[in-house]
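Notes follow the structure.
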Amino acid sequence: MADQWFETVAFAQQLAKKRLPKPVYAALLAASEKGVTVADNVDAFAELGFAPHVIGALEKRDLATTVMGQDISLPVVISPTGVQAVHPDGEVAVARAAAARGTAMGLSSFASKPIEEVVAANPQLFFQVYWLGGRDAIAARVERARAAGAVGLIVTTDWSFSHGRDWGSPKIPEEMNLRTTVRMMPHGLTRPRWLYQWAKTMRPPNLRVPNQASRGEPGPPFFAAYGEWMGTPPPTWEDIAWLRELWGGPFMLKGVMRVDDAKRAVDAGVSAISVSNHGGNNLDGTPASIRALPAIADAVGDQVEVLLDGGIRRGSDVIKALALGARAVMIGRAYLWGLAANGQAGVENVLDVLRNGIDSALMGLGRSSVHDLVASDILVPPGFTRALGLPAGADD
Ligand SMILES: Cc1cc2nc3c(=O)[nH]c(=O)nc-3n(C[C@H](O)[C@H](O)[C@H](O)COP(=O)(O)O)c2cc1C
């Protein structure tokens with residue numbers, strides 16, 4: 001519907017806020033403690049400027065690239081995000097939208113839909129693993145993902161469980177039963193359209209995580225899986241190398257912020273990393289991922305694919321990340337807001353907003369392809385970058 005079309009990601013966010021019950025919307029904003037990192041992820045992009053050419057772009061610009069062996073039509077991939085009661089079609093709607101717009105998708109371990117259904121909607125699917133339950137349990141989940149047809153693995157280890165949000169964490173129920181439905185009802189009633197979407201399905205939001213169990217099983221409740229994750233000893237670099245070996249295909253370590261970790265990831269045999277601070281959900285005070293990107297791309301960009309996620313809200317943000325060394329970016333909140341605003345069409349809308357923004361920034365810079373971008377296309381103010389994990393003085 002025309003009234004649901006939006007021109008910017010900020011607009012999608014406004015619609016999401018209007019459409020979702022307060023706690024559901026709050027869950028999408030989630031970040032740690034004071035929110036310093038989540039704010040920096042977005043604000044840092046505004047500190048970067050452009051150096052436009054007056055002549056140079058061709059009539060048709062080339063936005064296509066490849067990530068982890070997948071041809072994608074724009075350098076934007078769907079980042080995995082956990083169980084969301086944003087829309088009844090959830091990850092399947094996101095997968096369909098990504099497929100319709102020619103890009104790949106990361107599916108969270110904590111997704112609300114079984115991987116088999118999501119792969120059917122988008123075969124360019126990377127399954128994301130948390131280090132939960134030890135090697136045997138992880139191997140079983142990875143083999144299920146392989147059998148389902150996942151074409152890559154993303155391992156996410158950057159979580160410290162330190163939320164302590166100064167603005168308060170939303171109350172998410174353990175399970176949607178009669179009692180919790182009654183408790184949530186006042187919020188739901190303020191958002192009749194959201195309520196109606198769910199009423200049509202005759203099912204409450206699924207707060208179970210089906211990909212943490214065998215195929216066909218409903219999976220444990222989200223909070224049970226979360227508890228198990230908190231109780232699992234964190235992985236070592238040997239564990240990462242073991243899983244990479246077991247998987248044998250395209251393999252990303254997500255959440256790398258330091259040059260020394262990036263080098264260790266290369267040694268562990270990964271094929272890609274995402275420079276990321278989990279969208280500000282890990283240690284608050286970690287700098288914006290875009291600040292850490294240049295040093296990491298410089299150190300390992302010729303050995304592994306370097307992606308970035310965190311704070312992407314516009315096509316011009318994508319261009320800045322690419323010019324500073326990323327092969328592609330991943331998006332989180334942007335597509336969740338699109339999903340909340342208008343289901344599959346809303347996610348397509350977000351991808352179109354980004355595509356158009358990438359294309360016009362390319363044109364303004366006088367570049368004909370995302371592969372032609374260079375660091376000098378971007379004005380980086382003094383003191384912008386953060387080279388984390390280099391020996392003292394090495395980045396002077
Ligand atoms: C609500 C929410 C849930 C998330 N769940 C996961 C997850 O299950 N697995 C994961 O690897 N990252 C998860 N992330 C992090 C995203 O994949 C991504 O790193 C982050 O959202 C990027 O920042 P952006 O939201 O500013 O684009 C989540 C992020 C949000 C906002």
Side-chain angles (χ1 to χ4, degrees), residues 9-10 12-13 16 20 23-32 35 37-45 76-87 90-91 94 104-113 115 118 126-132 141 152-161 163 165 169-170 172 207 209-212 222-223 225-226 229 252-257 272-283 286 288-290 292-293 307-314 317-318 321 326 328-340 347 350-351 353-354:
V9 170
Q13 181 176 1
L20 294 175
V24 181
Y25 176 70
L28 299 193
L29 295 182
S32 305
T37 298
V38 71
D40 196 35
N41 273 352
V42 175
D43 295 345
F45 278 104
V76 178
V77 170
I78 300 290
S79 206
T81 60
V83 57
Q84 298 297 334
V86 174
H87 190 278
E91 295 83 0
V94 176
M105 165 170 179
L107 179 72
S108 169
S109 279
F110 286 175
S112 63
K113 302 282 183 195
I115 185 167
V118 186
F126 309 136
F127 182 60
Q128 178 260 318
V129 172
Y130 280 128
W131 206 265
L132 193 164
R141 288 195 288 273
L153 207 64
I154 299 177
V155 180
T156 307
T157 60
D158 64 332
W159 191 295
S160 51
F161 304 100
H163 302 313
R165 297 180 181 117
S169 287
I172 303 171
L207 298 181
V209 286
N211 299 305
Q212 291 299 117
F222 171 79
F223 280 104
Y226 191 80
W229 177 24
M252 177 193 294
L253 183 64
K254 177 170 174 281
V256 175
M257 284 295 290
I273 57 173
S274 188
V275 178
S276 162
N277 50 42
H278 212 114
N281 275 291
N282 191 21
L283 280 184
T286 307
S289 44
I290 187 71
L293 172 70
L307 283 84
L308 169 135
D309 69 79
I312 299 287
R313 304 289 182 267
R314 301 171 187 284
D317 297 339
V318 181
V329 303
M330 301 204 291
I331 54 169
R333 291 176 183 83
Y335 79 81
L336 290 171
W337 291 328
L339 180 66
V347 180
V350 163
L351 290 169
V353 165
L354 295 178

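No hydrogens, no waters, no symmetry mates; every other heavy atom, side chains included, goes into these values. Both ligands and their constituent atoms are indexed starting at 1 by order of listing.
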Worksheet item: Which one of Thr286, Asn41, Asn282, Thr37 satisfies the side chain to side chain donor-acceptor pair (under 3.5 Å) criterion with Asn277?
Response: Asn41
Worksheet, complete the sentence: Logged contact type for Ala27 with ligand 1, heavy-atom cut-off 4.0 Å, is backbone
Worksheet item: Is there at least one pair of N or O atoms, one from Arg313 and one from ligand 1, spaced under 3.5 Å apart?
Response: yes
Worksheet item: Quick check: does any side chain N or O of Ser79 sit under 3.5 Å from a backbone N or O of Met330, one acting as donor and the other as acceptor?
Response: no
Worksheet item: Do ligand 1 and Gly311 have nitrogen or oxygen atoms that lie under 3.5 Å from each other?
Response: yes
Discussion item. Within ligand 1, which atoms have a heavy atom of Thr156 less than 4.0 Å away?
Written reply: 10 (C), 11 (O)
Item to complete: Run the numbers for me: atoms of ligand 1, each under 4.0 Å from some heavy atom of Gly82, listed by number.
Response: 3 (C), 4 (C), 5 (N), 6 (C), 7 (C), 8 (O)
Worksheet item: Are any of the N or O atoms of Lys254 closer than 3.5 Å to those of ligand 1?
Response: yes
Response to the item:
Going by the 4.0 angstrom heavy-atom rule, the piece of Thr81 near ligand 1 is both
Worksheet item: Using heavy atoms and a threshold below 4.0 Å, how should the contact between Asn41 and ligand 1 be classified: side chain, backbone, both, or neither?
Response: neither
Discussion item. Under 4.0 Å, counting heavy atoms only: does Ala30 come that close to any atom of ligand 1?
Written reply: no
Worksheet item: Is ligand 1 less than 4.0 angstrom away from at least one heavy atom of Pro80?
Response: yes
Worksheet item: In terms of atom number and element, which parts of ligand 1 are under 4.0 angstrom from non-hydrogen atoms of Arg333?
Response: 23 (O), 24 (P), 25 (O), 26 (O), 27 (O), 31 (C)
Worksheet item: Do the rings of Phe222 and Phe110 sit parallel, tilted or perpendicular, given the 30° and 60° boundaries?
Response: perpendicular
Item to complete: Could you label the plane-to-plane angle of the Trp159 and His278 rings as parallel, tilted or perpendicular, counting under 30° as parallel and over 60° as perpendicular?
Response: perpendicular
Discussion item. So for atom CZ, which belongs to Arg314, do other residues, nucleotides or ligands contribute more than 12 heavy atoms lying within a distance under 6.0 Å?
Written reply: no
Worksheet item: Backbone, side chain, both or neither: what part of Gln128 comes under 4.0 angstrom of ligand 1, heavy atoms only?
Response: side chain
Worksheet item: Is there a donor-acceptor pair under 3.5 Å between the side chain of Tyr130 and the backbone N or O of Val155?
Response: no
